[in-house]
Amino acid sequence: MRGMLLLLLPPLLRRPLPPPGLRRLCSASAAASAAPAAPAPGKSKAGSQLNIQPTFGFLFDIDGVLVRGKTPIPGARKAFQKLLNSQGEFSVPVVFVTNAGNCLRQKKADQLSHILGVPISQDQVMMSHSPLRMFRRYHDKCVLVSGQGPLLDIAKHVGFCQPVTIDRLRENFPLLDMVDHDRRPKVSHPPEVELPKIEAIVLFGEPVRWETNLQLIIDVLLTSGYPGNPYAQATHPHIPVLACNMDLMWMAEAQSPRFGHGTFMVCLENIYKKITGKELKYEALMGKPSELTYHYAEYLIRTQATAKQWKKPIQTLYAIGDNLMTDIYGANLYNRYLQEKNSRRGSKALIQAKAAGGSRSATVSQEEELENTWESELASATATSCRSVLVCTGVYNPHTEVPSDTRECITETVFHGHRDFRFDPALVEPNHIVPDVEAAVDLIFQLENFAPNENYRTP
């Protein structure tokens, strides 16, 4: 990765020690004990009749939970066999929520089907860029796209009509890319086709040539969409930037985590600030841990339940991941959103009841009355909670998350979340810690008193 000039991590943050419950589980043996054995078919441990229609859904991370690179994690296939009923169909709603963004949903579904040995449809897969479908105001604009893989196909698949890749921009403006001396143009020719003004930038994922992408994106930002022009004196606020996948690191086959798109974003943000003295602003951040991603995932869960003609609403989401700063933070953040939403709904009903009764002049603010665009697009959330389940097969290492000397009153930790997300110790504390995904499935079935093999389509 040439030209990676900036890798500026946030400073060390001090926070209290994790609560005793979390400390107790921060070892492999304790983690194993967090996943009780599944009850006998048809009965719970107490002997009561098990539920046969789910009121919950699974949100599975992929890297570090189901695979490491291209290698399946032991227990993943067995876990998914437990999710099927006797007809070979999923007995519970399942959505794969990945921060990957370098392929189309169908390709990812095919890969998962091969790895897990069960049929997966593209409607069960949520890539980090999936919510871009809702940003229709940019679909007709000329947008610069950064990342790797079939970028044009991906961009068009989510609705963009005029995407322009970094390679295309470099072809039109060959004098902009100067870091690699071997790629410098020998002779400069005017472009055969002029590009329209670039009106937005979409960051799909980490690119291959970081120095080229960083340089050309900065050029577009500092020229208000005309990269062939000199930098303007005043280019703030800059053109809109939409970013997918904020993972600083991710787990592949190597023994230590690898750089993710979040690392590239750290570089871009710091270069922009160093040059302009101002913060780079994002129009939207997608992928875990953003609330938008979980709201979209819940919409896919509800869609599956509707297709199965299940009458009971999906009330609980279980988000299974390996990364405290994305999977756990995001699930807990969405759970907080659901709680606040239900609280606002109750407060609003109380205000309206008082107003109708004439006790006082009560009004609901316009902000509370009007749903956000993405909430309106996906319909209101029906879930009441989102539970976070941490596995020990990926980024999370139960042996290094807390100090060996628990008598210390504080611990120093680095916040690996994105700059625009506030560090909150409560948001990185999982509801459950288990050894692997199979243990997670067993635990959730027991918590829900659920019998997967006795489920049927209609109640």
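Only this structure's heavy atoms are used, side chains among them; waters, hydrogens and symmetry mates stay out.
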Is the gap between the ring centers of [X] and [Y] under 6.0 Å?
X	Y	answer
Phe56	Phe450	yes
His432	Tyr318	no
Phe58	Phe90	no

Between [X] and [Y], is any pair of side-chain heavy atoms under 4.5 Å apart?
X	Y	answer
Lys108	Ile62	yes
Asp442	Lys82	yes
Met178	Pro185	yes
Ile271	Ile275	yes
Asn323	Lys288	no

* Asked: Would you call Glu298-Arg302 a salt bridge at under 4.0 Å N-O?
  -> yes

So does [Y] get a backbone contact from the side chain of [X], meaning a donor-acceptor N/O pair under 3.5 Å?
X	Y	answer
Asn245	Asn99	yes
Gln124	Phe96	no
Arg68	Ala254	yes
Ser113	Ile120	yes
Ser343	Gln339	no
Arg77	Ile115	yes
Gln315	Ser385	no

* For Asn332 and Glu429, work out which heavy atoms get closest and say how close. => ND2-O, 3.0 Å

* So, for Gln53 and Lys311, which heavy atoms are closest and what is the spacing to 0.1 Å? -> NE2-N, 3.2 Å

* With sequence neighbours excluded, give me every salt bridge (Lys or Arg N to Asp or Glu O under 4.0 Å) pair touching residues 246-269. => none

* Asked: Nearest 0.5 Å, what's the CG-CG distance between Asp436 and Asp322?
  -> 12.5 Å

* Asked: What is the ring orientation for His418 with Phe421, classed by angle as parallel under 30°, tilted 30 to 60°, or perpendicular over 60°?
  -> perpendicular

* Identified side-chain hydrogen bond (donor to acceptor under 3.5 Å, both in side chains) counterpart of Ser388 within the set Asp327, Asn431, Asn335 -> Asn431

